[in-house]
Amino acid sequence: MACPLLRQCSKWNANCSSLFETLWYSNGRSVSFSTSSLGRTSWSSGPGNEGQPSALRRRTGPNTFNFTTSLTKHKPRLLDPSLKSCFCINSAHTDVKVQDPFTIAQKDLTNLYDDIRKELFVTKELKALCHYYFDGKGKAIRPMIVVLMARALNSHSNRSGELLPGQRAVAMITEMIHTASLVHDDVIDGSNKRRGKGTINELWGEKKAILAGDFILSVASITMARIGNNTVVKVFSQVIEDLVRGEFMQLGSKENENERFKHYLEKTFKKTASLIANSCKAVCVLVSSDPKVHEIAYQYGKNVGIAFQLVDDVLDFTSGANHLGKPSAADLKLGLATGPVLFACQQFPELHSMIMRRFSSKGDVDRAWQYVFQSDGVEQTKNLAQHYCQEAIRQISMLRPSAERDALIRLTEMVLTRDK
Amino acid sequence: MFPATWSRLSRMALSSRGRRTLSLFSSSAPSNWSKAVADAEKIVGYPTSFMSLRCLLSDELSNVAIQVKRLVGTQHPLLHTARDFVFDSGNNLPTRGLIVLLLSKAAGPSHTASDLLAQDTVSGIHTSQRNLAEITELIHTAFLVHRGIVDLKEWTVSDGPLKDMEFGNKIAVLSGDFLLANACTGLAQLNNTKVVELISSAIGDVVQGIYNENTSNTEQENSLDVEAWEEHTFLSHGALLAKSCQAAMELAQHDKEAQRLAYTFGKHLSMGHRLNSDLLPFVKSSAGESATFSFSAAPVVFHRQIVGQERWSQQLQQVKTRRNELDYSKLLAAVKSEKGVSTAMDLCCYHGNKALEAIQAFPSSEARSALENIASAITKF
C-alpha cells in the first residue's frame, strides 16, 4: 500500500526547492484528502493492518492487539526496493566506498567530551552537575553531523587539511546547547530518567538542575563568542530562541487537524532540527562566503533533523522500555500527540478528543496506544521521515564529492533504521 | 582563614576616612535613593528600543500571564516574582539598565570612535548601549524568575497542590528561558563578540552566585566568612552590572582604562547597594519582622566573624523559644548590640566611595552627577 501522502509529496517535490515547506503545505492537503476519500479505505485494505478494524474497535483490553505482528509488518516496508535503489543511485555519484560515518568522524570527536568538560570550568558541586551528561556515553550524533559537514564543506571550498578550530568549537557548542536544553526539558516534563540514569532534577532537585542548564548555556555562549564571528553568534542565538519557542508550542495544541499537523512539524523543527540546521550553517559560515552553500548546509541539517525527530517519535511507540533510556509511550504520558498519533487520528477520529484533552482521562494513554498500532500511524511517520531524508540527500549531493559528503548521505539511512 | 578576614576588616576601617570625602560630591545629594533614581531617569531620555516591550507583548509571555493566575493561592515563588514585578518594591535596584545608560552618557564619545558610530546616538547614548541596558534588565529578570524554581521533593501540603507547584515550575523555567533567549538574540545583534563574551560570562557568574545562595542560605550555622560573603555577593549581585558597565564602554570604543573604571564603578555600586539593603532591617526601628532576618545578610556574617563561632552558638541557644524555635527579633537585637552592623556600614561606605572615585575620571556632566547621587544614596540610612 502506498501512502497517499507519499505520492502527494513526490509530486510536489518535483517543482519545489524546499521539501519542508512542501510537506508542510501538502501535508495539510493530504490530511483533508485522505480523510475525505482515501483515509478510511486505505486502512481496511492495507496489508499492514492485521484483522478487520471493525472487529478491533470492539476489543477494548490492552493485550488483545498483537503489537509484534504489526511491527514486523512495518519493518520490511521501510527498506523497500525503491528506497534501496535510491541509496544506490546516490552512492553511484562517486566511486569511493562509503565508509561508516562514525569511523570517519571519529578522529575529530575523540576528545570532544574532555574538551567540553574543560570549558565547563567551575568549582565544587555545580561542576558535578554540569559534567553529568558529558560522560562520553551520549550518541554524539549532533557533533558528528557537524564535523562531517565541516569537512565536506572544506573539501567543497578546496580547503584541505584539518578542521578549522572554530568548526571544532561549533561541534562542542552544539552538544552543549543540546545538553542544556535536555536538562531544562527534564524539569519541565518531570522526567526522572535519561540515558539509563537518573536525571539531574531527580538527583539534585529542580532548582539546581535549572541553574546547571543555565550555566552550560552561558559557557556555550562564551565559547561561541570566542570564535570571534558575529554571524556564528547570530546563527546560534536563533537556535536558542527556536528551542524556547518550540517548548512553548508544546504547551498548546490546535483544534483544527491541518493546523495541528503544521504545528507539530513547526515544533519539531524548532525543538530539534533548528539546532542541527544552524550548526551546519555555522561551520559553513566559517569556511565559505557563498550564501548558496550556506543554504545547502542548512537544508541538509534541517531535513535530517526533522527526520531524526520523526524517527524518535516512532521509537517512542515501537522501542521497548529502557531501550531509549526512557520509558516508552513517554510522549503520550506527557500529553503530547506526535506523528504516529496524528496520522492515526486520520483513520480513528476517536483520537481527536483524546488529543484535545492531552490523554488526561483514565485509560486514554492505553487506548491511544492501541489506535496507533491499529492504524498506519507508525508507518506513515516513517515514510515522512524517509522523505525528509531524501530531501537531505538531494541537498548534500550538490556539494563536491568527498568521503565526508558520502558519509552524510549514508548517515540519513542510519537515521531511518536506528532502533535506539 | 582568619588573617585574611581581619585584613579585610581593617580595610573596612580605613574606609571610614573615605566617608568624609563623600560630602565633596554630594553637596546637593538627595536624601533618598528613589529621588536619585527618579532624577536620573530624566537625563537619559526614554529608552528607544522596544526589546522589553516586544517581550511583554509576545504570545509566549501573554500566555504566561494567563497561566500565572492558576498559581494564586499556592506558595509558588513565581507568584511573588510576578507581584514584585508589578508593584516594584522600591528598594530593589530596578535600575541596572538606567545605570548602564547614565554611565554611557557620562563617558561621552570616544576619541578613537569613527564618525559613523558617533552619528548613532540619542541624547548622547548609542543605540547599541541602549540595547545593552535592556539586555542587562532581561538577564536580571530571567534570574529573578529562575531563582523561584521549587524543589518538588521539599513540597509540603501547605504549599498548595503538588500539581500546581509542578505547573509553576514549568512556567518559571519557560519564562526565564524565554527572557534569556531574548537576551541572547539582543546580544548577537550588538555585533560585538567581545561584548557577547563579557555578558555571557556575567550570566555564568550570576548562576554560580545563585547556586552558592542555595547551598549556604538554608543552614543556620553556615560557614560563610566575610571573604566568601564578598565573593558570593559579587557573583550574584555585582558581576552583571560591573560587566554591563564595561561592555557599554566597549560598545562606544572606549579604551581599556575607561572599561576598567566602568567595571569598578558597577562592581562597587552593586556591592554597596547589597550591603545597604542587608542593613535596612538593622537600622530601621520598625523593621523587626522575622521574615527579614537572613543568615547570609552582611551584618550577621560579620557579627559571627567578630564574636567567634562559640559565642555565636551560645547566642543562638539563648534566643531559642520553649518550642526550640529561633526568636528572630531577639536574634536581631543580639546582632545589633555588637559591631557587626557598624562594620557592615563601614564596608557599605567603602564601596560607595570606591564607586564615586571610579567615575571621577569621566568629565563632569549631568549624567555623572546623577551617578554620584545614586552612589551616595547607598551610603545613607
Side-chain angles (χ1 to χ4, degrees), chain A residues 120-127 129-130 180-181 183-190 201-202 204-245 247-252, chain B residues 58-61 63-64 67 77 139 142-143 145-154 165-166 169-215:
Chain A
L120 289 165
F121 181 76
V122 64
T123 51
K124 295 176 244 171
E125 194 189 47
L126 183 56
K127 186 176 173 175
L129 272 78
C130 291
S181 80
V183 174
H184 280 201
D185 282 359
D186 283 343
V187 174
I188 292 169
D189 299 341
N201 44 299
E202 176 68 16
W204 285 280
E206 284 76 8
K207 258 173 184 293
K208 290 179 176 176
I210 291 310
L211 293 173
D214 288 344
F215 191 77
I216 296 169
L217 183 67
S218 77
V219 173
S221 184
I222 292 171
T223 313
M224 80 179 75
R226 285 188 185 146
I227 297 174
N229 183 310
N230 282 315
T231 311
V232 170
V233 175
K234 280 184 196 148
V235 164
F236 274 116
S237 77
Q238 183 63 51
V239 172
I240 293 163
E241 208 172 303
D242 283 342
L243 281 170
V244 179
R245 286 184 193 271
E247 202 61 51
F248 270 99
M249 287 181 80
Q250 198 157 292
L251 285 183
Chain B
S58 67
D59 283 352
E60 283 84 358
L61 279 202
N63 274 332
V64 166
Q67 312 272 24
I139 294 170
F143 282 106
V145 175
H146 275 183
R147 258 193 177 98
I149 308 278
V150 177
D151 278 336
L152 295 172
K153 280 183 182 157
E154 281 163 29
M165 296 307 266
E166 282 171 358
N169 269 359
K170 201 170 175 168
I171 297 300
V173 175
L174 280 173
S175 27
D177 283 353
F178 180 75
L179 294 169
L180 277 181
N182 275 276
C184 283
T185 309
L187 272 178
Q189 281 159 358
L190 294 177
N191 278 323
N192 185 320
T193 53
K194 275 188 204 158
V195 171
V196 176
E197 185 176 345
L198 201 56
I199 301 300
S200 303
S201 77
I203 295 176
D205 291 341
V206 176
V207 174
Q208 289 181 62
I210 301 174
Y211 198 92
N212 292 336
E213 277 173 19
N214 284 342
T215 45

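Lettering of chains follows the sequences in order, A, B, ..., and the numbering in each one begins at 1. What you are looking at is a predicted structure, and each value in this text was computed from that prediction instead of being measured.
- Neither the backbone nor the side chain of B/V195 comes within contact range of chain A; no heavy atom of the residue lies under 4.5 Å from a heavy atom of that chain.
- Here B/T185 contributes atom OG1 and A/I240 contributes atom CD1; the two are 7.5 Å apart, rounded to the nearest 0.5 Å.
- Note: A/H184 leads A/H184, A/M224, A/M249 in heavy-atom pairs under 4.5 Å with chain B.
- The side-chain heavy atoms of A/N230 and B/T193, taken from C-beta on, include a pair separated by under 4.5 Å.
- The candidate with the highest count of non-hydrogen atom pairs below 4.5 Å against chain B, out of A/L129, A/L211, A/L217, is A/L211.
- Across B/I210, B/I149, B/D177, a single residue satisfies side chain to side chain contact (heavy atoms under 4.5 Å, CB included) together with A/I210, and that is B/I149.
- In this structure, B/F178 and A/R245 have side chains that are in contact, with non-hydrogen atoms separated by less than 4.5 Å.
- Evaluation of the side-chain contact (heavy atoms from CB on, under 4.5 Å) rule for B/L152 yields A/E206, B/L162, B/M165, B/E166, B/N169 as partners, not counting sequence neighbours.
- Atom-to-atom distance recorded for B/H146:NE2 and A/K207:NZ is 12.0 Å, nearest 0.5 angstrom.
- Within the 3.5 Å criterion, the main-chain N or O of A/E202 finds a donor-acceptor partner in the side chain of B/K153.
- Using a 4.5 Å cut-off between heavy atoms, A/V219 does not touch chain B at all.
- Scanning all heavy atoms of the two residues, the minimum distance from A/S237 to B/C184 falls at CB-O, 3.8 Å.
- Contact tally against chain B (heavy-atom pairs below 4.5 Å) for A/Q238, A/E125, A/E247: the top residue is A/E125.
- The shortest distance between side-chain heavy atoms of B/L174 and A/I188 falls below 4.5 Å.
- Put simply, of A/S218, A/A209, A/G205, the one with the most heavy-atom pairs under 4.5 Å next to chain B is A/S218.
- When each of A/I222, A/N229, A/V235, A/V233 is scored by its heavy-atom pairs under 4.5 Å with chain B, the top score falls to A/I222.
- Atom CG of B/N191 and atom OG1 of A/T231 lie 8.0 Å apart (nearest 0.5 Å).
- Among residue pairs with one or both ends in residues 210-237 of chain A, those qualifying as salt bridge (Lys or Arg N to Asp or Glu O under 4.0 Å) are A/R226-B/E197; sequence neighbours excluded.
- Taken from CG in A/D189 to NZ in B/K170, the straight-line distance is 6.5 Å, to the nearest 0.5 Å.
- In terms of heavy-atom pairs under 4.5 angstrom with chain A, the leader among B/L198, B/V173, B/D205, B/I203 is B/V173.
- Distance check, rounded to the nearest 0.5 Å: CG of A/L251 to CD1 of B/I171 gives 5.5 Å.
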